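Each remark here refers to the structure printed beneath this line.
None of the values given here were measured: they were computed from a predicted structure. If you read the sequence from its start, that first residue is 1, and numbering goes on from there.
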Amino acid sequence: MKGTILTVVAALAMSGVNMQAQGRQVTVPGGGTLPFSLGVKADGLIYVAGTLAQEGDIKAQTKTVLDTIGQTLTKSGSSLANVVSAHVYLKNAGDAAAMTEVWRSVWPKDAPTRTTVVAQLVMPAALVEIAVVAVPTGAE
């Protein structure tokens with residue numbers, strides 16, 4: 001079986017098929033000097049890169065971040081309602097309750113899964129960073 005798979009992969013590579021690009025579409029390029037894409041659609045899911053803000057308190061930044069993620073999802077054929085998983089990075093553990101308050105305004109029920117981690121963020125003024133995975137609009 002392993003030999004058969006390797007033979008198929010080798011044959012596809014020799015025929016010029018770009019296996020890496022199949023099933024992967026950059027929906028929102030990073031732009032500027034960002035070394036990553038903001039949104040990518042792959043294997044029936046939409047991945048949105050970690051998004052942060054730099055102005056305001058934790059509630060303002062959380063709202064800005066979720067609004068920005070919503071815009072990226074819209075450009076990618078989805079919406080915040082279709083988010084299935086999120087990773088939240090907080091600069092301060094004490095901000096969890098305030099961040100969750102804003103979170104609940106977006107998802108009052110049936111919220112996506114969430115992992116919350118306290119971490120030093122790459123931008124000094126940032127208090128929260130959020131990355132999500134969503135399904136496209138109309139998909140299950």
Q. Is there a side chain to side chain contact (heavy atoms under 4.5 Å, CB included) between N82 and T137 once you walk through the steps?
A. CA-CA 7 Å; N82 294 333; T137 300; 3.4 Å; yes
**Q.** OG on S79 to CD1 on I46, rounded to 0.5 Å
**A.** 9.0 Å
Q. With S76, which of V28, L38, V40 fulfils side chain to side chain contact (heavy atoms under 4.5 Å, CB included)?
A. V28
Q. Looking at T51, V132, V106, V128, which one forms a side chain to side chain contact (heavy atoms under 4.5 Å, CB included) with L66?
A. V106
(Q) Under 4.5 Å between side-chain heavy atoms, counting indirect links through other Ile/Leu/Val/Met/Phe/Trp/Tyr residues: same cluster for V102 and L80 or not? (A) yes
Q: Indicate yes or no: does K91 engage D95 in a salt bridge with an N to O separation below 4.0 Å.
A: no
Q) Roughly how far, to the nearest 0.5 Å, is NZ of K75 from OG1 of T27? A) 9.5 Å
(Q) Checking A131 now: which residues fulfil side-chain contact (heavy atoms from CB on, under 4.5 Å) with it, not counting sequence neighbours? (A) none
Q: Evaluate the side chain to side chain contact (heavy atoms under 4.5 Å, CB included) criterion for residues T116 and L90: first the C-alpha distance (whole Å), next the side-chain angles of each, then the deciding distance (0.1 Å), finally the verdict.
A: CA-CA 7 Å; T116 305; L90 291 174; 3.8 Å; yes
Q: Give the ring-plane orientation class for H87 versus Y89, where under 30° counts as parallel, over 60° as perpendicular and anything between as tilted.
A: parallel
**Q.** Short side-chain to backbone donor-acceptor contact, Q61 and L127, under 3.5 Å
**A.** yes
(Q) I need the K63 NZ to M99 CE distance, nearest 0.5 Å. (A) 15.5 Å
(Q) Please check: side-chain N/O of S78 versus main-chain N/O of V135, any donor-acceptor pairing under 3.5 Å? (A) yes
**Q.** Single-linkage hydrophobic cluster, 4.5 Å side-chain cutoff, F36 and Y47 together
**A.** no
Q) Roughly how far apart are K41 NZ and Q25 CD, rounded to 0.5 Å? A) 5.5 Å
Q: Would you check if W103 and P112 make a side-chain contact, meaning some heavy-atom pair closer than 4.5 Å?
A: yes
Q. V48 pairs by side chain to side chain contact (heavy atoms under 4.5 Å, CB included) with which of V83, T72, I130?
A. T72
Q) What's the spacing between D57 CG and T62 OG1 if we round to 0.5 Å? A) 8.5 Å
Q. After noting the C-alpha distance and the side-chain angles of R24 and S37, does the key distance pass the side-chain hydrogen bond (donor to acceptor under 3.5 Å, both in side chains) rule?
A. CA-CA 12 Å; R24 179 183 178 275; S37 300; 4.8 Å; no
Q. Under a 4.5 Å side-chain heavy-atom rule over Ile, Leu, Val, Met, Phe, Trp and Tyr, are W107 and I58 clustered together?
A. yes
(Q) Please report the interatomic distance NZ(K59) to OG1(T100), rounded to the nearest 0.5 Å. (A) 11.0 Å
Q) L52, V88: one ILVMFWY side-chain cluster at the under-4.5 Å cut-off? A) no
